[in-house]
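Everything below concerns the one structure shown next.
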Number of protein chains: 2
Amino acid sequence: MTHAVPSLRHTIADDLRTQIATGRLKADERLPSEPQLAAHYKVSTATLRLALALLQAEGLIEKIHGKGNFVRPPLRRITYAGGGRTPFDPALQVSICTTNLRARGHLRALLRVSSNSPLTEFLCVTHEGKSPHSLARIYVPRDLAPTIQLNSSPRPREAEPTATKVRETVTARLPTQEEATTLRISSTLAVLAITSVATDATGRVVEAALLVLPGDRADAVFTAHPTTEERETEG
Amino acid sequence: MTHAVPSLRHTIADDLRTQIATGRLKADERLPSEPQLAAHYKVSTATLRLALALLQAEGLIEKIHGKGNFVRPPLRRITYAGGGRTPFDPALQVSICTTNLRARGHLRALLRVSSNSPLTEFLCVTHEGKSPHSLARIYVPRDLAPTIQLNSSPRPREAEPTATKVRETVTARLPTQEEATTLRISSTLAVLAITSVATDATGRVVEAALLVLPGDRADAVFTAHPTTEERETEG
DNA sequence: GAGTGGTCTAGACCACGAG
DNA sequence: TCGTGGTCTAGACCACTCA
């Protein structure tokens, strides 16, 4: 192939990566300060910071302004199961914030409703312990709004027996500033963005969800049975 | 919410982004040299380069060593359809490279075959004009190897009528160095990585595919019919 | 206030591409 | 050879955290 250019930053990043992998640097441990590391590797602080940026983009370290650089603990991977079957994981806490709003722009198109049509938004953040794991914005036409009590069902998506079709669009991108801060990830760490649209038998959109999952600890799995799914002519 | 820190690099990136969006900088056009841009914005070249790095991560520009920075033309988005139904796009050229190899490590586990079991690899790169669009590594047990002639069917995946189940795992990550160069994208541009495993009625793995799609121009779409898919108890 | 990371500068030197 | 981007340096100054 073409490359193999061992720039200083990569050499340093490789070394630190190994130290993390072998456990010489433990989870949640603070790295030496940047000037210290720079002195140790005999490079300028600028170069050292470039090395750290590489690790940050891989999700290996977390930089905290004024405190230091920390080894990110390897959390359990999340698996998002497509097709409307969302696996409930008892180890995750979910915080839900409900808001009423009116359809406009993207949302209006996504839910195929008229402008200013009343919607209910569920903003869900799942945590494992202290670490945020995933972010979901779920939108439902207000008249279908499941009268969900937080104590009865922590996952509004389960409460949709009317959906007969779920269409999910998956993309990879870098997080917005807001997503990066709520998920506590680097803005250079790729995320999986899933747009899920559920329709009922009449073709009406029953629910639209925008999910954002950190790429370093999330997969999405989809299973299909091609022979039994010859009937695929819809948009 | 928290942020709104207009650092110089972001201000400059915003300005250039606008110039690209409004067409003042046209597709494939070369930007002024970095020293020129730095002078224009009255910043150091280091800062200017940080601004360009932001645009690069968004897929807006392409840096070519020794030549300059170029506005990346907005290509048509690719849509990968899940579930084994791969839409054939006549506007794309496909280059296929066939190799025989032996199963080991990841591949062995993915195809659920014994070690050193003979496999055939299809390395496919699709292009739209000069621009590489997607990268696929397809693995098939050698005895199932479709005796594909390049002139008869450019897409070996179509030639699998035996698959009864397709399981696709989707992740978001940054590309490897090799993927970045073949796809001609920045190593900071997120990619969609799809692992597709097809099995036949007996449960044997008929084909495994590793797809890599540039995140800025690819989506993957999955459609499910929850009510008709109650039978979901397999691994 | 002491210590941390975040941003920026001015300039040296190297590597690539094209004539 | 010349102009381009790529890497690195040494150091200034700012912003955040915590005692």
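Computation of the quantities below employed the complete heavy-atom set of this structure, encompassing side-chain atoms and omitting hydrogens, waters and symmetry-equivalent molecules. Remember, predicted model here, so these are calculated numbers, not experimental data. In the text below, chain A, chain B and the rest are named by the order of the sequence lines, each starting its count at 1.
In the set C:dT7, C:dT4, C:dT9, C:dT4 carries the atom at the smallest distance from any side-chain atom of A:S33. Candidate nucleotides D:dG5, C:dG5, C:dT9 were compared by shortest atom distance to the side chain of A:E34, and C:dG5 ranks first.
One side chain, A:N69 or A:E34, offers a donor N or O that lies under 3.5 Å from an acceptor on the other.
Whole-Å rounding puts the A:R30 CZ to C:dT4 C1' distance at 7 Å. Between A:L31 atom CG and C:dG5 atom C1' there is a gap of 13 Å when expressed in whole angstrom units. Rounded to a whole Å, the CG atom of B:L8 is 14 Å from the P atom of D:dC14.
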Counting only pairs under 3.5 Å, give me each side-chain donor-acceptor contact of residues 116-124 of chain B, with atom names and distances, residues two or more places apart or in other chains.
unit_1: B:T120; atom_1: OG1; unit_2: B:N100; atom_2: OD1; d: 3.1
unit_1: B:E121; atom_1: OE2; unit_2: B:Y139; atom_2: OH; d: 2.7

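Under a 4.0 Å N-O distance rule, the pair A:R173/B:D216 does not qualify as a salt bridge.
Residues from residues 46-67 of chain B that place a heavy atom under 4.0 Å from any atom of DNA chain D, listed by number: B:R49, B:K63, B:I64, B:H65, B:G66, B:K67.
Comparing B:Q36 and A:R9, the nucleotide of DNA chain D nearest to each residue sits closer to the 5' end for B:Q36.
Side-chain N/O atoms of B:N69 include one lying less than 4.0 angstrom from OP1 or OP2 on D:dG5.
Counting heavy atoms from C-beta outward, B:I185 and B:R72 have side chains that approach closer than 4.5 Å.
Residues meeting the side-chain contact (heavy atoms from CB on, under 4.5 Å) test with A:Q56, sequence neighbours left out: A:I61, A:K63, A:S186.
With rounding to the nearest 0.5 Å, the separation of CD in B:Q93 from OG1 in B:T126 is 9.0 Å.
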